[in-house]
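Contents: one structure, followed by commentary.
Atoms within a ligand are numbered from 1 in the order they appear, just like the ligands themselves. Everything quoted here is computed from the prediction, not taken from an experiment.
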Amino acid sequence: MINRKIDFSRIFSDQVGLPLKSSVFLRDHSNFRIGGEADYFFEATSIKELVSSIHVAREHSFPYYIIGGGNNLLFDDNGFRGLIIKNGAKGIKQGGKETEIEVLSGTPLKDLLLFLVEKGLSNLEFLAGIPGTIGGAVFGNAGAFEQSIGDFLLEAVLLDEKGKQAKVKRDYFEFNYRQSVLRKKQDILLEAVFELKEGGKDRIKALMDEKLEERENKHPPHSIACAGSYFKNPVLPSGEKIPAATLLEKVGAKNMRVGGAAVYSGHSNFIINKERASARDVIQLAEKLKHLVRERFGVEFEEEVIFLPAGSVVP
Ligand SMILES: Cc1cc2nc3c(=O)[nH]c(=O)nc-3n(C[C@H](O)[C@H](O)[C@H](O)COP(=O)(O)OP(=O)(O)OC[C@H]3O[C@@H](n4cnc5c(N)ncnc54)[C@H](O)[C@@H]3O)c2cc1C
């Protein structure tokens with residue numbers, strides 16, 4: 001394995017033209033602030049670097065994983081045996097039609113929102129306060145207040161499973177609640193085009209401020225380490241969606257703890273890293289909560305937060 005690691009590092013720098021970092025703590029790239037060392041780490045600052053780094057890993061069957069801002073991820077205490085590629089390819093521009101916005105997938109959502117205020121373009125105000133990149137947001141169809149990013153995506157450019165760049169329309173993504181086809185395939189989002197509408201700058205800014213204020217009242221402050229809502233809101237057979245937090249409160253989740261991981265006192269669907277939590281603490285606490293809800297309500301919770309095991313093979 002050691003030789004393979006040395007070989008891969010050399011091959012990577014030969015083919016991509018840039019060096020890999022080794023033994024990088026993933027907790028420094030996660031809003032949960034949890035995670036051991038990845039063997040290798042590369043931050044792509046352009047689509048060209050992103051594509052060539054993925055090509056090299058795929059060509060040599062070297063395990064790799066793409067991250068954006070690390071806001072929806074729980075890394076393993078043992079880190080990752082392979083290469084973590086952080087997507088830092090940023091860029092936003094208006095397309096052929098002024099209401100169509102082309103965004104590179106590593107662009108932070110907050111940069112996009114600032115751009116939209118400046119240009120007076122409306123529709124995505126509901127994203128205000130959601131941390132992360134366009135790639136991570138499209139992957140999990142991020143949203144709030146009954147709206148999701150997929151509702152406004154017109155088309156996109158992907159690096160498909162065969163390594164080809166392909167332009168796809170919205171339908172391709174099979175968007176659903178916190179769900180897109182990217183969860184099932186090895187496609188990587190390179191660029192997305194959103195269809196927006198004109199609106200007054202002041203009104204757009206006021207709407208965003210309103211959303212931010214609503215969030216601040218119920219979500220943990222930015223200083224608290226977490227990965228957003230831990231569980232998806234379950235959908236009953238009748239189609240009704242119930243807030244996971246409501247069921248969690250009824251089973252007494254508030255302030256429950258395992259090691260350094262705790263349920264946030266202000267919102268039961270947030271597991272927080274209260275005091276040097278390990279991934280193991282978080283997973284054990286989540287399992288405990290799932291068990292309580294299953295026993296009491298017969299409802300099976302599904303995680304919204306994604307756990308990346310150290311040994312996952314993503315060739
Ligand atoms: C305080 C807090 C509040 C939050 N509130 C919300 C909320 O209200 N609504 C909501 O939906 N989410 C919320 N989240 C979760 C998170 O912000 C979103 O899921 C966000 O979209 C994640 O983006 P990211 O860039 O950080 O993705 P990461 O966490 O880095 O990655 C998430 C997944 O996306 C994949 N991915 C990333 N980039 C690409 C790409 N280019 N192509 C293919 N796959 C890719 C990764 O492989 C990974 O599987 C919250 C998180 C926090 C910490």
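Residue-ligand proximity: C226 is placed with a non-hydrogen atom under 4.0 Å from ligand 1. By the 4.0 Å heavy-atom criterion, R183 is excluded from the residues contacting ligand 1.
Between L182 and ligand 1, no N or O atom pair is found at a separation short of 3.5 Å. Residue-to-ligand polar distances place G68 within reach of ligand 1: an N/O pair is separated by less than 3.5 Å. In terms of polar-atom proximity, defined here as any N/O pair under 3.5 Å, P131 does make such a contact with ligand 1. On a distance-only criterion, I306 and ligand 1 share no N/O pair closer than 3.5 Å.
The option from Y177, F270, Y65 that lies nearest to atom 49 (O) of ligand 1, judged by heavy atoms, is Y65. Nearest-heavy-atom check against atom 4 (C) of ligand 1 across K232, R215, H219, K86 picks out R215. Scanning A144, A142, A225, G143 for the heavy atom closest to atom 9 (N) of ligand 1 points to G143. For atom 21 (O) of ligand 1, the nearest non-hydrogen atom from the set A137, A44, G132 comes from A137.
Note on I92 and V138: same hydrophobic cluster, where clusters join Ile, Leu, Val, Met, Phe, Trp and Tyr whose side-chain heavy atoms are under 4.5 Å apart, directly or indirectly.
Atom CD of E98 has 12 or fewer heavy atoms from other residues, nucleotides or ligands within 6.0 Å.
The I130 neighbourhood of ligand 1 comprises atoms 6 (C), 7 (C), 8 (O), 9 (N), 12 (N), 13 (C), 17 (O), with distances under 4.0 Å to a heavy atom of that residue. Atoms of ligand 1 found under 4.0 Å from any heavy atom of I67 (numbered from 1 in listed order, with element): 30 (O). Of all atoms in ligand 1, numbered sequentially from 1 with element shown, those under 4.0 Å from a heavy atom of N31 are 53 (C).
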